[in-house]
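All of these numbers come straight from a predicted model, not from anything done at the bench. First listed ligand is number 1; within each ligand, the first listed atom is number 1.
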Amino acid sequence: MSFSGHSARKRFGQHWLKDVAILEKIVEAAELCENDRVLEIGPGRGALTHKLLNSKVSLVHAIELDTDLVVGLRERFFHETRFSLKGGDALKISLLPPDGIEVNKVVANIPYNITSPLLERLIGKLGFFPETRYERLVLLLQKEVADRILAMPGQSSFSAMSVRVQLLCKSRSVCDVSPKCFKPSPKVHSKVVVIEPFAFSERLNVDIEKRVESLLRTAFLGRRKKLRNTLASIRPLNQLESLADQLGISLNQRPQEISPMMWVSLAKRIHDMDKLVGEIQS
Ligand SMILES: C[S@@+](CC[C@H](N)C(=O)[O-])C[C@H]1O[C@@H](n2cnc3c(N)ncnc32)[C@H](O)[C@@H]1O
């Protein structure tokens, strides 16, 4: 068989998903139809690829880093005209299929060691658009990361990442995945999430997004510190007090208690103040 002699490589984050019910839940959550063109990052031995190809999609384009698996995958799916495969690093190479036409969905059990840069490539970041706006991503992530993406203000998982992703996408949980569902079992628990990036036209103004990013970097440096202490480096305390009053928040709150929309309001007020000062000075 195509993969004989290949054992899972830790450095590539290889954990084969063997639980059929979870594979089916992933495909179901993608709500695939005939017009869909799907990108799969890290097909491994093709367990998820096989399920994707059993649906009606018009294309599955896969990118796999492990060259030995690329050989096996070509053998396994050689007869499948709706399948294309590129060997290489999903963080570096083009994510476009050979016909150069964008895919609209991403479905993947991603290697956990590249989660942050891969997410950034797929959904963009505050102040920057991704190369492609995917309609929907169904990703199997490390549970800790998924929980941060989904967390509400005040919850222990709520972090700068929660604010960033929630300002770029709408997300929901599909199911938790136990380490027993993989072979070899990872040390951590996992979760399947659906992520739907906002249309570019629905995103905030780029300058405001950049302003939110800079606020988050400052405030979450001291996660347990009060805003009065962390934000003091960007504005005099009396100005901060007045801003906080206008927005109905307290400078005694900590960054993980502030909602994404409140970060946006804060960013907008500071942006307007700077603009006013700029106009007076010119
Ligand atoms: C967690 S395994 C998932 C395998 C398979 N999809 C499954 O569900 O059983 C992650 C896969 O991503 C591949 N991989 C790791 N780093 C990668 C990268 N930078 N670019 C593309 N693929 C990568 C690994 O070789 C492995 O096949």
Side-chain angles (χ1 to χ4, degrees), residues 1-30 32 38-55 57 60-77 80 83-98 103 105-123 130-132 134 137-146 174-194:
M1 180 52 201
S2 322
F3 304 103
S4 57
H6 182 281
S7 29
R9 292 171 175 150
K10 218 173 167 181
R11 68 181 185 285
F12 291 146
Q14 291 176 350
H15 298 279
W16 315 131
L17 183 57
K18 61 182 174 101
D19 188 304
V20 177
I22 302 290
L23 283 163
E24 279 167 2
K25 278 189 186 173
I26 293 174
V27 176
E28 204 176 296
L32 299 170
V38 177
L39 170 66
E40 186 189 3
I41 309 280
R45 295 168 164 219
L48 183 56
T49 323
H50 174 71
K51 292 272 175 210
L52 290 169
L53 287 166
N54 270 352
S55 74
V57 291
V60 176
H61 178 58
I63 297 180
E64 174 56 60
L65 181 61
D66 186 332
T67 43
D68 293 332
L69 292 177
V70 169
V71 174
L73 286 161
R74 287 205 202 287
E75 266 180 50
R76 179 170 180 186
F77 298 111
E80 192 40 93
F83 178 65
S84 65
L85 175 66
K86 189 88 191 270
D89 184 343
L91 295 180
K92 295 186 182 149
I93 65 173
S94 164
L95 302 181
L96 288 176
V103 305
K105 292 185 177 170
V106 181
V107 182
N109 168 14
I110 66 168
Y112 295 163
N113 54 334
I114 60 163
T115 303
S116 296
L118 186 61
L119 267 182
E120 204 169 288
R121 186 153 195 210
L122 297 174
I123 66 174
E131 306 138 66
T132 300
Y134 302 105
L137 299 91
V138 182
L139 302 179
L140 179 46
L141 300 172
Q142 188 175 333
K143 183 173 182 300
E144 195 191 315
V145 175
V174 175
C175 60
D176 285 351
V177 185
S178 142
K180 284 188 285 188
C181 299
F182 302 86
K183 196 173 176 190
S185 299
K187 289 202 176 81
V188 294
H189 284 257
S190 307
K191 193 186 271 272
V192 179
V193 289
V194 170

Inset, instruction - Compute the minimum heavy-atom distance from Pro186 to ligand 1 and say whether it is under 4.0 Å. - result: no
Inset, instruction - Determine, using heavy atoms of Glu40 and all atoms of ligand 1, whether some pair is separated by less than 4.0 Å. - result: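 Yes, Glu40 has heavy atoms under 4.0 Å from ligand 1.
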Inset, instruction - For the pair Phe182 and His15, name the ring-plane relationship: parallel under 30°, tilted 30 to 60°, perpendicular over 60°. - result: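 Rings of Phe182 and His15: perpendicular, as their planes differ by over 60°.
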Contact atoms of ligand 1, heavy-atom distance to [X] under 4.0 Å:
| X | result |
| --- | --- |
| Ala90 | 18 (C), 19 (N), 20 (N), 21 (C) |
| Ile114 | 18 (C), 19 (N) |
| Gln14 | 24 (C), 25 (O), 26 (C) |
| Gly88 | 20 (N), 21 (C) |
| Trp16 | 4 (C), 9 (O), 27 (O) |

Legend entry - Any donor-acceptor pair under 3.5 Å from Gln14 side chain to Ala8 backbone: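 Side chain of Gln14 to backbone of Ala8: no pair is present.
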Legend entry - Main-chain N/O of Ala90 paired to Arg121 side chain as donor or acceptor, under 3.5 Å: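 Yes, Arg121 side chain to Ala90 backbone: donor-acceptor pair under 3.5 Å.
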Inset, instruction - Please test Val27 against Leu48 for side-chain contact (heavy atoms from CB on, under 4.5 Å), starting from the C-alpha separation and ending with a verdict. - result: CA-CA 8 Å; Val27 176; Leu48 183 56; 4.0 Å; yes
If you have a sec, work out which protein heavy atom is nearest [atom] and how many Å separate them, to one decimal?
| atom | answer |
| --- | --- |
| atom 1 (C) of ligand 1 | Gly13 O, 3.2 Å |
| atom 15 (C) of ligand 1 | Phe12 O, 3.1 Å |
| atom 8 (O) of ligand 1 | Asn109 ND2, 2.7 Å |
| atom 9 (O) of ligand 1 | Leu17 N, 2.9 Å |

Report yes if [X] has an N/O atom closer than 3.5 Å to an N/O atom of ligand 1; otherwise report no.
| X | value |
| --- | --- |
| Asp89 | yes |
| Glu64 | yes |
| Gly42 | yes |
| Leu69 | no |

Legend entry - Criterion side-chain contact (heavy atoms from CB on, under 4.5 Å) on Ile26 and Leu17, from CA distance to verdict: CA-CA 11 Å; Ile26 293 174; Leu17 183 57; 3.7 Å; yes
Legend entry - CA sep, side-chain torsions, deciding dist, call: Glu64, Glu40, side-chain contact (heavy atoms from CB on, under 4.5 Å): CA-CA 9 Å; Glu64 174 56 60; Glu40 186 189 3; over 6 Å; no
Legend entry - From the candidates Thr49, Leu65, Ile63, the one that places a heavy atom nearest atom 18 (C) of ligand 1: Leu65
Inset, instruction - May I ask which of Ala47, Pro43, Pro111 has a heavy atom nearer to atom 5 (C) of ligand 1 than the others do? - result: Pro43
Inset, instruction - Identify the heavy atoms of Ala146 and Val193 that sit nearest to each other, and give their distance. - result: CB-CG1, 3.8 Å
Legend entry - Heavy-atom closest pair, residues Arg45 and Trp16: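 Scanning both residues, the minimum pair turns out to be NE-NE1, 3.3 Å.
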Legend entry - Lys18, NZ: over 12 other non-hydrogen atoms inside 6.0 angstrom: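 Yes - once you tally the heavy atoms of other residues, nucleotides and ligands closer than 6.0 Å, there are more than 12.
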Inset, instruction - Show your reasoning for whether side-chain contact (heavy atoms from CB on, under 4.5 Å) applies to His6 and Asp66. - result: CA-CA 10 Å; His6 182 281; Asp66 186 332; 2.9 Å; yes
Inset, instruction - Drop me the distance from Ser190's OG to Ile22's CD1, to the nearest 0.5 angstrom. - result: 9.5 Å
Inset, instruction - Quick one: look at Arg9 and ligand 1, take heavy-atom pairs under 4.0 Å, and tell me if it's side chain, backbone, both or neither. - result: neither
